Amino acid sequence: ICCTGRSKYRHTGQLLQEQIERQMGQSVTVLGGGFRGLVTCFLLARQGHEITLIEPGRHCGGVLRSFEWDGLYCDLGCHLFDNTDKEHTSVFLEMGGGADCFHSIELNYASKTGALLSDDISIVDLSADFKANKETWLFQLDQAGQQEGHETGPALDDALLERFGPDIAARLKPMVCKAYAEDWTRIDRSALAHGLFGRVRIADNATSGELKKDAYLNKVLAASSTTNPSQFYPDMDRSFGRNFYPASKGMAGFVENAIATLKAMGVRILTGEAIENITETRDTITVRTETGRIFSSAQLISTLSTAINEKLILNENNMPAEIGVPMAVVYLRLPLEVINSVTYVHDFNPDHHVFRASTPGVYGKQVDDHGLSYVCVECPARMDSDFYSSSPEEKLTTIMTEIADLEIIDKGTAPADFKILNVPKSYAVPAIGAPQAEAEISKKICGRYARFHQFNSFSFGKSRILKDALSFIENLN
């Protein structure tokens, strides 16, 4: 069948046992060696299938790959594993080499909204304005709750207006445009599922707790859980904290361990094999690479983008272009003692360049021979902006001032060294109509090739991707 729908999620163990009984021993080819591809291979291999993973690029891991910088392994942005569901956590741990290959993180996150620096929450915090706007906000939220499920338009701005009402949505607009370096009217409403703007805090914690007793407000409002992480996550694995992280080499360590785990399970992994074409017979589906190699199997799962799949199989180009978020990613080599205890902080002020600063060198327990660790700073920026095209030295001056104000480093600090990467596409959000187009294209592809299955390309975040992979495989007959 064409696996684009969603079935009700069941626990990992039950799902895997059912699948083993139903499909033991099928040969499956998986295209794409990013996190989607790796987790799909792992789940299938655990069921006893014969798996071949083909990655067109030189390396597996996608955005989870770190690069080495004079002994420090630098992540491509801020990456953590969420411990919100013990079943998910068990999969991450087994993929990554076992519990000893990870450590818990004492999570200290923060956010800056306007002049307010909140040290207990990482999302938009409007609580400083609650007293003056209480009546308006609560009325508009009540109206939004009564209209829940009624869609007024296809764009992200429509979704936020429906979710929060006009006043809070208007406040979110410049923050959304900063985070995605794009006009929110061009972004599909499904981007709300990315989580960054799905909830806001509008009052102090005690008041928020009372408001969240309402079913709708519980969905859209946030309260801090730093003092009691399990309060909102009763299914977390109690042997770890709210988040955990690889014990060595940053996210590169996880990717290395995951590849070793897959190979030990019998998964054949090939890299640098660009796909030339895909053909299907009654019994098999065959992938031919540009190097002339041929791989046949009973099923094929693609975790590549829908646009690539459409071009390969249909020789068409109808998929709306995804909206890539350009970003200047800055790495600062700093003495451990000047880096503060914040794990990561979001800066929602639209007049600042920094959107997120994190300390993966610290929570990854990486220190070089000179006592230096590193901070990662992410600055979304349009490629035609003055900031994106400015010199590294100009960027550095601005960034050091902003992250000192975010209290992630001591003021007056200068880096021992720095590295700046201008990334044309750090991650992507769907353009208007993209999810609907993907469903139609997937249906068309699966109508032509019954043994071809496409993974949802709009899953965002490791836990969400894992949840979708479990559901995806459950649908795979």
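Not measured: the values here are computed from a predicted model.
- To the nearest 0.5 Å, atom CG of residue Asp214 and atom CG of residue Asp142 are 8.0 Å apart.
- Residues Pro415 and Met400 are in side-chain contact: their nearest non-hydrogen atoms beyond the backbone lie under 4.5 Å apart.
- Here the side chains of Asp410 and Ile339 are not in contact, with every heavy-atom distance at 4.5 Å or above.
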Under the side-chain contact (heavy atoms from CB on, under 4.5 Å) rule, what do Met95 and Leu38 come out as? Steps first, then yes or no, please. CA-CA 9 Å; Met95 277 186 70; Leu38 295 177; 4.1 Å; yes
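- Under the 4.0 Å criterion applied to side-chain N and carboxylate O atoms, Asp468 and Arg36 are not assigned as salt-bridge partners.
- Nearest heavy atoms, Arg199 versus Ala222: CB-CB, 4.2 Å.
- Relative to the ring axis of Phe387, Lys395 places its NZ or CZ within 45° and under 6.0 Å from the centre.
- Side-chain atoms of Leu217 and Leu141, non-hydrogen and from C-beta on, do get closer than 4.5 Å to each other.
- Here salt bridge (charged side-chain N to carboxylate O under 4.0 Å, His left out) pairs that include residues 299-317, with residues two or more places apart or in two chains, are Glu316-Lys444.
- In summary, of the residues considered (Asn277, Ile445, Val287, Ile275), a side chain to side chain contact (heavy atoms under 4.5 Å, CB included) with Leu312 occurs for Ile275 alone.
- Distance check: Ile313 CD1 to Arg448 CZ gives 8.5 Å after rounding to the nearest 0.5 Å.
- Inspection of the Ser190 and Asp188 side chains reveals an N or O donor paired with an N or O acceptor under 3.5 Å.
- In this structure the side chain of Leu156 never reaches within 4.5 angstrom of the side chain of Thr185, judged on heavy atoms.
- Leu334 places none of its side-chain heavy atoms less than 4.5 Å from the side chain of Ser373.
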Asp351/Lys178 under salt bridge (charged side-chain N to carboxylate O under 4.0 Å, His left out): CA gap, chis, key distance, verdict: CA-CA 9 Å; Asp351 54 340; Lys178 172 186 177 176; over 6 Å; no
For Arg333 and Leu72: C-alpha separation, side-chain torsions, deciding distance, then whether side-chain contact (heavy atoms from CB on, under 4.5 Å) applies. CA-CA 9 Å; Arg333 208 176 189 97; Leu72 298 177; 3.6 Å; yes
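- Note on ring orientation: taking the six-membered ring where Trp is involved, the planes of Phe92 and Phe81 are tilted (angle from 30° to 60°).
- Residues Asn309 and Ser302 bring a donor and an acceptor atom of their side chains to less than 3.5 Å of each other.
- With hydrogens and angles left out, the side-chain atoms of Thr306 and Gln454 include a donor and acceptor closer than 3.5 Å.
- The backbone N or O of Tyr73 lies less than 3.5 Å from no partner atom in the side chain of Glu68, so there is not a single donor-acceptor pair.
- By the 4.0 Å N-to-carboxylate-O rule, Glu182 lies close enough to Arg382 to be salt-bridged with it.
- Centroid-to-centroid, the aromatic rings of Phe455 and His453 stay 6.0 Å apart or farther.
- Residues Arg201 and Asp125 are paired through a salt bridge, judged by an N-O separation under 4.0 Å between the basic side chain and the carboxylate.
- With Glu290 contributing its side chain and Glu273 its backbone, the two residues share no donor-acceptor pair below 3.5 Å.
- Between Cys78 and Arg356, the closest heavy-atom pair is CB-NE, 3.7 Å.
- Using the six-membered ring where Trp is involved, Phe460 and His194 have ring planes that are parallel, under 30° apart on the 30 and 60° scheme.
- Looking at Asp129 and Arg171, a side-chain N of the basic residue comes within less than 4.0 Å of a carboxylate O on the acidic one, giving a salt bridge.
- Note on Asp82 versus Arg242: salt bridge recorded, some NZ/NE/NH1/NH2 to OD/OE distance being below 4.0 Å.
- Residues Tyr180 and Ile187 form a side-chain contact, since some pair of their non-hydrogen atoms from C-beta on lies under 4.5 Å apart.
- Counted by atom type alone, Glu394 and Ser391 present one or more donor-acceptor pairs between their side chains at under 3.5 Å.
- A centroid separation of 6.0 Å or more is found between the aromatic rings of Phe244 and His103.
- Dense packing is recorded around CZ of Phe67, with more than 12 heavy atoms of other residues, nucleotides or ligands lying under 6.0 Å away.
- The heavy-atom pair separating Thr113 from Phe348 by the smallest distance is OG1-CD1, 3.9 Å.
- Closest heavy-atom contact between Glu55 and Gly33: OE1-N, 2.6 Å.
- With rounding to the nearest 0.5 angstrom, the CD1 atom of Ile301 is 11.0 Å from the CG atom of Leu53.
- Inter-residue side-chain proximity for Val255 and Ile259 is flagged as met; some heavy-atom pair is nearer than 4.5 Å.
- In terms of modelled atom types and a separation under 3.5 Å, the side chain of Asn205 and the main chain of Ser224 share a donor-acceptor contact.
- Counting only distance, with no hydrogens or angles, the side chain of Ser442 and the backbone of Glu438 share a donor-acceptor pair below 3.5 Å.
- Closest of all the heavy-atom pairs between Gln140 and Phe164 is CB-O, 4.2 Å.
- For Ala357 against Ile403, the heavy-atom pair with the smallest separation is CB-CG2, 4.1 Å.
- Summarising the geometry, atom OG1 belonging to Thr89 is positioned 10.0 Å from atom CZ belonging to Phe102; distances are rounded to the nearest 0.5 Å.
- Around CD of Gln146, the count of heavy atoms belonging to other residues, nucleotides or ligands within 6.0 Å exceeds 12.
- Taking the side chain as every heavy atom from C-beta outward, Cys74 and Ser66 never approach each other to under 4.5 Å.
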Residues 319-331, side-chain donor-acceptor partners within the protein, below 3.5 Å, at least two apart:
residue : atom : partner : partner atom : Å
Glu322  : OE2  : Lys425  : NZ           : 2.1
Tyr331  : OH   : Asp75   : O            : 2.7

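- Glu151 contributes atom CD, which lies 9.0 Å from atom CG of Asp158 (distance to the nearest 0.5 angstrom).
- A side-chain donor from one of Thr207 and Asp204 sits under 3.5 Å from a side-chain acceptor of the other.
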Give the intermediate values and the outcome of salt bridge (charged side-chain N to carboxylate O under 4.0 Å, His left out) for residues Arg189 and Glu162. CA-CA 11 Å; Arg189 62 182 298 120; Glu162 296 158 18; 2.6 Å; yes
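- Atom CD of Glu106 has 12 or fewer neighbouring heavy atoms from other residues, nucleotides or ligands inside a 6.0 Å radius.
- For Asn349 (side chain) and Gly114 (main-chain N/O), a donor-acceptor pair under 3.5 Å exists by modelled atom type.
- Taking CZ of Phe254 as the reference point, atom CG of Asn257 lies at 8.5 Å (rounded to 0.5 Å).
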